[in-house]
Amino acid sequence: MAKLAKLDDIVSLCKRRGFIYQSSEIYGGLASCYDYGPLGSELKRNIRNAWWKHVVQMRDDVVGLDCSILMHPMVWKASGHADKFADLVTVCQKCGTRSRVDHLADAQGRSEEHTEHIDLETAESKAQDLSRKVCPACGAVGQFSQPMAFRLMFETRMGANIEDTMTVFLRPETAQGIFVNFRNVLDSTRVKIPFGIAQTGKSFRNEVTTKAFIFRTREFEQAELEFFCKPGTDEEWFEHWKQERFQWYLTYGIRKENLRFREHAKDELAHYAKACVDIEYKFPFGSGDWQELEGIANRTDYDLRQHQRGIRTMNDWYEKKGDLSKITLKEEAEDYQKGPLAYFDEETRERYVPYVIEPSAGIDRSLLAFLVDAYDEEQVRGEQRNLLRFHPALAPVKAGIFPLVKKDGMPEIAMNLYRDLKKYFAVFYDEKGAVGRRYRRQDEAGTPFCVTVDGQTKEDSTVTIRHRDSMEQVRVHLDQVKNYLLEKLEL
RNA sequence: GCGGGCGUAGCUUAAUGGUAAAGCCCCAGCCUUCCAAGCUGGUUAUGCGGGUUCGAUUCCCGCCGCCCGCUCCA
């Protein structure tokens, strides 16, 4: 099976077929931002819908949510993003190489423990003494500049009046919107633990470096589920969602040999996480090939408890006039188990703060994986046939509708069929040129079926339905075309 | 941000200090009764800006963007 070798080929395919363009291209582009074209936007929406179908629609224990991107700044104080979502970086003044402070080793080869997501002030004080640290690039000792912090959240101003605006942040993850609505969902939907809340949407991170086309960008779309469960049952739910999410990628066509789990080592875990596993795909770029598609984490009760602290800190917010850097989160109450974000189990009469299992997927990088995995080239009668073997549910266009030739009443019949089918799913009408050419064009767009009206149609009202992968055709009565396709499409 | 590589039609490539060439694609028409057929015609390019020059796509500078590595992460 032929395979795309390089990322360049994928980029070229995406542009040629209208999947993905460089953002603001006519102005020279904007780094790491991309636009989805006609086929890409359909594909992306289908992926989002497929996720929603399996994570929300088909389950009894998950409900949906769609939060605003801008949220109260205190959300990010409580979540830790406002203080901690930053890396401390220093520059070697001898060779100009940038290094993360926590990655530097001293002359004895010892390095600091992993300080990611540790409070910024703590990290700064710990990092004061760089005099014995060695530059990994040139070997110079103690030649480092004052460490700089990089705020990884995008900031903007809310309020039109310049005198009276507030700094707000573009969310760096969709998860917090779910946590802050935990109470609302509990009070309005009669859900009972265990249950989950899911949402998809854009998130923004000022990454130091972006990478590999749409794989890591500063603006990206997430599909996140926060599944709330009773402490003690968290490990089995973690396992459940691990299997569930892995299977989802297989269901929608990712080949098994290109997918794997990678467990996070203990020292790699964020401080609030009890366990974390990545689902990785073998991408045709980068040094390691295997790259993360989705992370599944056991976040314990950390987030809800943090927001209980946040709520208690609101007086400070007003007193310090919204200056997050001057606000310190209040310690949580002794009886935090009875706090506003706790859950009361009617059956066992217990009150507790639930644990959270979080499967967090990147829609854009999933799309890239589906695209790469579906791409195929094969030889047909000495000609190369390019095709995208998308799962029918993901395919941007479900069926091409053609008259075999542009005469003898065939276009009229085909057009009527087209008008009927487009009410149910995405179809494409084409009558130009040879039919073989039209078939091949649809192959390259990943369209799973083509319906052709031919000379026999006027005699017995049957048409041919041609399958993308096998190129085989079956005759189906005009009245049955819709049902035939609906069944095959697994919509 | 740093280091390395790169930037000519939609794509893949050519060429040049003096009218930027081709194949594929695309569009229109003719012809076509099942897998990129043929004929005719047509659209489209030197990433942006500055400098040197009579003249710059070519030489120089700056910027922008892309790829690889460091780093980071959904």
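Throughout, a chain's letter reflects where its sequence line sits, starting with A, and its residues are numbered from 1.
- Comparing A9(B) with G50(B), their C1' atoms sit 26 Å apart, to the nearest whole Å.
- Between Ser32(A) and Ala434(A), it is Ala434(A) whose nearest contact on RNA chain B lies nearer the 5' terminus.
- For the pair Arg437(A) and C26(B), the criterion of a side-chain N or O lying under 4.0 Å from OP1 or OP2 is met.
- Out of A74(B), C67(B), A36(B), the shortest distance to the side chain of Phe213(A) is found at C67(B).
- Distance noted for atom C1' between G3(B) and C60(B): 23 Å (whole Å).
- The CD atom of Gln199(A) sits 14 Å away from the C1' atom of A74(B) (whole-angstrom rounding).
- With no hydrogens or angles considered, a side-chain donor-acceptor pair links Glu173(A) and Gln176(A) at under 3.5 Å.
- In this structure, the NZ atom of Lys432(A) is 16 Å from the C1' atom of C25(B), given to the nearest Å.
- Going from the C1' atom of C68(B) to that of A28(B) covers 44 Å, rounded to whole Å.
- In a base pair of the Watson-Crick type (N1 to N3 plus N6-O4 or O6-N4) or a G-U wobble (N1-O2 and O6-N3), with each distance short of 3.5 Å, U43(B) is matched with no nucleotide.
- Atom CD in Gln22(A) sits roughly 12 Å away from atom P in C11(B) (whole-Å rounding).
- Between Tyr34(A) and the phosphate of C66(B), there is a side-chain N or O to OP1/OP2 separation shorter than 4.0 Å.
- Residues Lys482(A) and Leu421(A) have side chains in contact (heavy-atom distance under 4.5 Å, counting atoms from C-beta outward).
- Arg441(A) has its CZ atom 15 Å from the C1' atom of C34(B), to the nearest Å.
- Considering only the side chain of Glu383(A), A36(B) comes nearest among A36(B), C34(B), U71(B).
- Judged by the 6.0 Å and 45° rule, Lys242(A) forms a cation-pi pair with Phe261(A).
- Taking a cutoff of 4.0 Å between a charged side-chain nitrogen and a carboxylate oxygen, Asp364(A) and Lys44(A) qualify as a salt bridge.
- A salt bridge is defined here as a Lys NZ or Arg NE, NH1 or NH2 lying under 4.0 Å from an Asp or Glu carboxylate O, and Arg262(A) with Asp278(A) meets this definition.
- The separation of A37(B) from C26(B), taken at their P atoms, amounts to 10 Å, rounded to a whole angstrom.
- The C1' atoms of G7(B) and C11(B) are separated by 15 Å, rounded to the nearest whole Å.
- Only the P atoms considered, G65(B) is 15 Å distant from C48(B), to the nearest whole Å.
- Protein atom CG of Leu30(A) is 14 Å distant from nucleotide atom C1' of C63(B), rounded to whole Å.
- Taking the six-membered ring where the residue is Trp, the centroids of Tyr36(A) and Phe19(A) are separated by 6.0 Å or more.
- In this structure, CZ of Arg440(A) is placed 16 Å from C1' of C25(B), rounded to the nearest angstrom.
- With Trp248(A) as the aromatic partner, Arg245(A) meets the cation-pi criteria of under 6.0 angstrom to the ring centre and within 45 degrees of the ring axis.
- U46(B) and G17(B) are spaced 15 Å apart, taking the C1' atom of each and rounding to whole Å.
- Residue contacts for Ile363(A): at a heavy-atom cut-off of 4.0 Å it reaches no nucleic acid atom on any strand shown.
- Atom CZ in Arg365(A) sits about 15 Å away from atom P in C72(B), given to the nearest Å.
- Checking Met471(A) against Cys33(A), the closest nucleotide of RNA chain B that is more toward the 5' end is the one next to Met471(A).
- When side chains are defined from C-beta on, Gln456(A) does not count as touching Leu404(A), because their heavy atoms never get closer than 4.5 Å.
- Listed by residue number, the members of residues 448-469 of chain A with any heavy atom below 4.0 angstrom from RNA chain B are Thr452(A), Asp454(A), Gly455(A), Thr464(A), Arg466(A).
- Rounded to whole angstrom, the span from the CD atom of Glu226(A) across to the P atom of A74(B) amounts to 12 Å.
- Applying the Watson-Crick and G-U wobble criteria (two distances, each under 3.5 Å), C66(B) pairs with G5(B).
- Taking a 4.0 Å limit (strictly below) on heavy-atom distances, residues 393-412 of chain A reaches RNA chain B at Leu404(A), Val405(A), Lys406(A), Lys407(A), Asp408(A), Met410(A).
- In a base pair of the Watson-Crick type (N1 to N3 plus N6-O4 or O6-N4) or a G-U wobble (N1-O2 and O6-N3), with each distance short of 3.5 Å, G10(B) is matched with C24(B).
- For the P atoms, the distance from A56(B) to C63(B) is 23 Å, rounded to whole Å.
- A salt bridge between Glu221(A) and Arg48(A) is present, with a side-chain N of the basic residue lying under 4.0 Å from a carboxylate O of the acidic one.
- One can find a donor-acceptor pair under 3.5 Å joining the base of C34(B) and the side-chain atoms of Tyr439(A).
- Arg385(A) pairs with exactly one of Glu444(A), Glu378(A), Glu377(A) by the side chain to side chain donor-acceptor pair (under 3.5 Å) rule, that one being Glu378(A).
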Between Gln291(A) and Arg216(A), is the side chain to side chain contact (heavy atoms under 4.5 Å, CB included) condition met? List the steps.
CA-CA 11 Å; Gln291(A) 306 279 347; Arg216(A) 183 163 65 250; over 6 Å; no

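- A donor-acceptor contact closer than 3.5 angstrom links the side chains of Tyr429(A) and Glu431(A).
- Distances from the side chain of Ala31(A) to the nucleotides C34(B), C66(B), G10(B) place C66(B) closest.
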